[in-house]
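As the structure lists them, so they are numbered: ligands from 1, and atoms in each ligand from 1. Note that the structure is predicted; figures quoted are calculated from it, not measured.
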Amino acid sequence: MDIRPTCLVIADISGYTKFIRDKQLSLLHAEQIITDLLDAVIDGAQHPLRLNKLEGDAALMYATCGDDVAATVADVATQVKKFFALFRKRQNQLIISGDGGCGCDACTGTGTLQLKVIAHLGDVLIKRVRQFEELAGEPVIIVHRLLKNSVDSHEYLMMTEAFHAFANQETRDERKEDCDGFEPQTVHVYYPETEPIVQSCNLPGTKLMPHVHAYMLSARGHLSRLTKPKRKFSNLSSA
Ligand SMILES: [Zn+2]
């Protein structure tokens with residue numbers, strides 16, 4: 001057992017709970033889509049940042065700080081900011097590959113999903129039992145409590161004061177958040193600028209293999225160029 005200054009990061013996907021109707025197919029597909037998106041985000045985490053566990057629609061990651069706490073936090077902050085682009089890239093791939101396929105609430109709602117990330121720094125007890133690592137201590141509770149906050153957006157990185165002090169990241173939104181059972185926390189919120197979400201033209205039940213689909217999309221583009229009139233012959237009709 002070991003108590004060390006540790007960066008804690010929760011990547012949380014939101015958007016589905018509002019409209020997924022209680023259908024088995026939707027729930028199953030929602031689970032697959034969330035897992036896929038979380039996987040894309042976790043894939044972007046590199047040493048010293050690592051996955052601790054999945055918690056429903058969220059992933060808890062951590063990085064134990066070496067002697068140079070500032071260097072670890074700055075490294076984690078840089079990695080975490082890239083999560084948003086990875087998330088959007090995978091999300092757009094899912095929308096395109098699922099286009100014309102399943103019409104369930106989950107599949108047609110992939111574009112409504114958003115990513116928020118909470119990052120904190122504090123002394124964390126790391127307990128190792130066989131291959132499992134249990135994180136304990138107040139910072140672990142605080143980072144979870146901050147998932148409920150006053151930010152009026154679903155896509156942002158929230159850094160606590162402790163994390164932000166070393167993160168080397170400029171933000172324009174500093175605020176205080178209530179943190180049930182603890183002092184209100186000063187936080188700094190960064191809003192990422194990501195690629196837009198691709199528009200789906202979903203026609204359920206007409207699912208094509210991804211490569212056929214890609215071909216169809218390019219064929220559609222060719223076709224619209226070919227059928228677009230190049231010249232207007234208004235001078236002929238008036239003759
Ligand atoms: Zn589906």
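With hydrogens and angles disregarded, a donor-acceptor distance shorter than 3.5 Å links the side chain of Q185 to the backbone of E183.
Under a 4.0 Å N-O distance rule, the pair E177/K148 does not qualify as a salt bridge. Between R88 and E195, no side-chain nitrogen of the basic residue sits less than 4.0 Å from a carboxylate oxygen of the acidic one, so the salt-bridge criterion is not met. Using a 4.0 Å cut-off between charged nitrogen and carboxylate oxygen, D123 and R4 do not count as a salt-bridge pair.
Around the Zn ion (ligand 1), the protein atoms of type N, O or S that sit closer than 2.8 Å are H29 ND1, C102 SG, C104 SG, C107 SG.
Residue I10 holds its CD1 atom at 8.0 Å from CG of L8, rounded to the nearest 0.5 Å.
One hydrophobic cluster holds both L135 and L146 under the rule that ILVMFWY side chains link at heavy-atom gaps under 4.5 Å.
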